[in-house]
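Each residue takes its place number in the sequence, starting with 1. No hydrogens, no waters, no symmetry mates; every other heavy atom, side chains included, goes into these values.
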Amino acid sequence: MKFKASERNELMKFLVENLTKQSKNNIKTLLSKEQILVNGKIERQFNLVLNPGDEVSINWNKNRNDQTPKGIKILFEDKDIVVIEKENGLLSISTEKKSNERTAYKLLMDYMKSKDKKERIFIVHRLDKDTSGVMIFAKSEKVKEQLQENWNDLVLEREYSVIVEGIVKEKVGQIKSYLKENKVFTTYSVKDDKNGGKLAITNYKVVKTKGKFTYLKAALETGRKNQIRVHMSDIGHPVVGDKKYGAQTNILKRLGLHAHTLKIKHPVTNEVMSFVSPTPKEFTRIIGE
């Protein structure tokens with residue numbers, strides 16, 4: 001199936017307009033499975049800008065053997081960065097000196113080296129073990145430092161899908177505190193930075209409520225360890241499945257936290273890029289589409 005662009009348009013919008021029988025999630029799957037081609041070249045990036053005359057084709061019958069290891073999915077790769085989707089239950093990087101521990105970093109490194117022994121990757125940030133979603137890795141020490149040293153300027157948006165216990169009354173809110181970690185590695189809020197607390201700011205917006213649960217989107221202004229988990233607990237609505245921070249339920253059989261969107265300015269090209277990991281099926285079974 002082929003279509004031709006008649007005007008400038010984002011690829012995702014173009015696909016939605018032309019594939020009227022497909023849901024947005026289905027279209028995102030086609031992109032992630034490399035079944036969308038633009039001018040004969042596989043395209044995964046949903047916000048690619050099409051120009052008049054560009055040809056978009058869909059390979060419906062492609063039965064591709066994805067060689068990436070179970071636990072991660074590559075959303076984007078160029079010579080400078082790799083963006084992946086991490087499953088829940090997988091560590092970002094080993095916390096101990098265990099070279100064979102199964103982590104997102106090791107799975108990706110092994111995969112990259114299987115393609116080219118000279119390839120290397122460098123961890124830029126982490127997701128909690130039980131949080132799924134979008135992560136970015138650098139392909140050189142220089143790019144890693146560029147990302148880490150300019151994180152607040154280069155990261156334009158970090159949005160999480162969250163399911164919490166109870167009905168959150170304030171439909172839009174901001175949670176602000178200073179976070180510290182105790183000797184048993186539990187993070188908690190303090191009122192100021194006099195005793196070593198680090199400023200943490202979480203903005204949230206309620207999307208819907210269902211039964212005894214609230215589905216919301218949380219955007220980070222800062223990226224502290226366990227930030228959303230602590231802040232949701234602070235307002236009396238711990239993340240579902242988060243026993244560590246006070247949750248009483250585990251209806252999802254996993255932590256109700258998913259790194260949904262990462263919007264960045266590319267550290268080398270300065271191109272604005274947005275990466276989206278679809279809402280997990282476990283979430284939609286509870287809160288609906």
Side-chain angles (χ1 to χ4, degrees), residues 71 84-96 101-105 123-137 147-148 151-152 155 157-166 168 170 173-206 213-262 277 279-280 282-283:
I84 71 162
E85 182 180 80
K86 181 186 86 71
E87 70 176 17
N88 71 295
L90 182 67
L91 284 167
S92 295
I93 192 169
S94 179
T95 53
E96 300 174 19
E101 192 164 13
R102 188 174 180 270
T103 66
Y105 173 80
I123 195 151
V124 175
H125 67 120
R126 304 183 187 204
L127 291 180
D128 292 343
K129 178 181 177 181
D130 296 316
T131 300
S132 54
V134 185
M135 282 187 73
I136 183 170
F137 291 83
L147 279 162
Q148 290 184 334
W151 186 254
N152 291 335
V155 176
E157 181 183 342
R158 291 177 75 189
E159 186 179 74
Y160 287 70
S161 297
V162 195
I163 299 181
V164 300
E165 295 183 340
V168 179
E170 295 287 338
Q174 182 182 86
I175 309 166
K176 182 177 178 180
S177 71
Y178 292 83
L179 298 184
K180 286 188 67 175
E181 189 174 68
N182 63 22
K183 292 179 181 179
V184 292
F185 308 110
T186 299
T187 305
Y188 61 99
S189 287
V190 293
K191 291 183 179 180
D192 53 48
D193 60 353
K194 291 179 181 178
N195 295 308
K198 294 182 178 180
L199 179 64
I201 302 173
T202 304
N203 298 304
Y204 72 85
K205 179 174 67 175
V206 171
F213 305 99
T214 299
Y215 175 54
L216 53 85
K217 292 292 179 72
L220 299 181
E221 286 193 25
T222 57
R224 308 302 181 197
K225 181 181 177 182
N226 294 168
Q227 178 175 320
I228 294 174
R229 297 167 63 182
V230 175
H231 276 172
M232 290 299 115
S233 181
D234 284 349
I235 65 170
H237 296 283
V239 175
V240 166
D242 196 2
K243 186 177 179 181
K244 182 176 181 178
Y245 291 104
Q248 302 297 310
T249 60
N250 190 16
I251 193 170
L252 300 172
K253 307 302 180 187
R254 56 158 291 181
L255 189 69
L257 189 58
H258 176 74
H260 180 263
T261 303
L262 178 65
S277 174
T279 304
E282 304 98 310
F283 285 31

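Counting only N and O atoms by type, the side chains of His258 and Thr279 include no donor and acceptor under 3.5 Å apart.
Heavy atoms from other residues, nucleotides or ligands lying under 6.0 Å from NZ of Lys205 number 12 at most. The environment of NZ in Lys198 is sparse: at most 12 heavy-atom neighbours from other residues, nucleotides or ligands sit within 6.0 Å.
To the nearest 0.5 angstrom, His125 atom NE2 is 7.5 Å from Ser92 atom OG. With rounding to the nearest 0.5 angstrom, the CD1 atom of Ile123 is 12.5 Å from the CG atom of Leu147.
Between Arg158 and Gly223, the closest heavy-atom pair is NH1-CA, 3.9 Å. Heavy atoms only, all atoms of each residue included: Val230 and Ser189 are closest at CG1-OG, 3.6 Å.
Gln148 places a side-chain N or O within 3.5 Å of a backbone atom of Val124 that can act as its donor or acceptor partner. Arg254 contributes a side-chain N or O that, together with a main-chain N or O of Leu257, makes up a donor-acceptor pair within less than 3.5 Å. Checking side-chain atoms of Ser277 against main-chain N and O of Glu85 turns up no donor-acceptor pair under 3.5 Å. Remark: side-chain polar atoms of Lys86 are paired, donor with acceptor, to backbone N or O of Thr131 under 3.5 angstrom. Judged by distance alone, with hydrogens and angles left aside, the side-chain atoms of Gln227 form no donor-acceptor pair with the main-chain N or O of Leu220 at under 3.5 Å. Judged by distance alone, the side chain of Tyr245 and the main-chain N or O of Thr187 form a donor-acceptor pair under 3.5 Å.
Taking the side chain as every heavy atom from C-beta outward, Tyr160 and Leu127 approach each other to under 4.5 Å.
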Between Asp242 and Glu165, is the side-chain contact (heavy atoms from CB on, under 4.5 Å) condition met? List the steps. CA-CA 10 Å; Asp242 196 2; Glu165 295 183 340; over 6 Å; no
What do the steps show when you test Leu91 against Arg126 for side-chain contact (heavy atoms from CB on, under 4.5 Å), and what is the final call? CA-CA 9 Å; Leu91 284 167; Arg126 304 183 187 204; over 6 Å; no
Test side-chain contact (heavy atoms from CB on, under 4.5 Å) on Val162 and Tyr215 and set out the steps. CA-CA 6 Å; Val162 195; Tyr215 175 54; over 6 Å; no
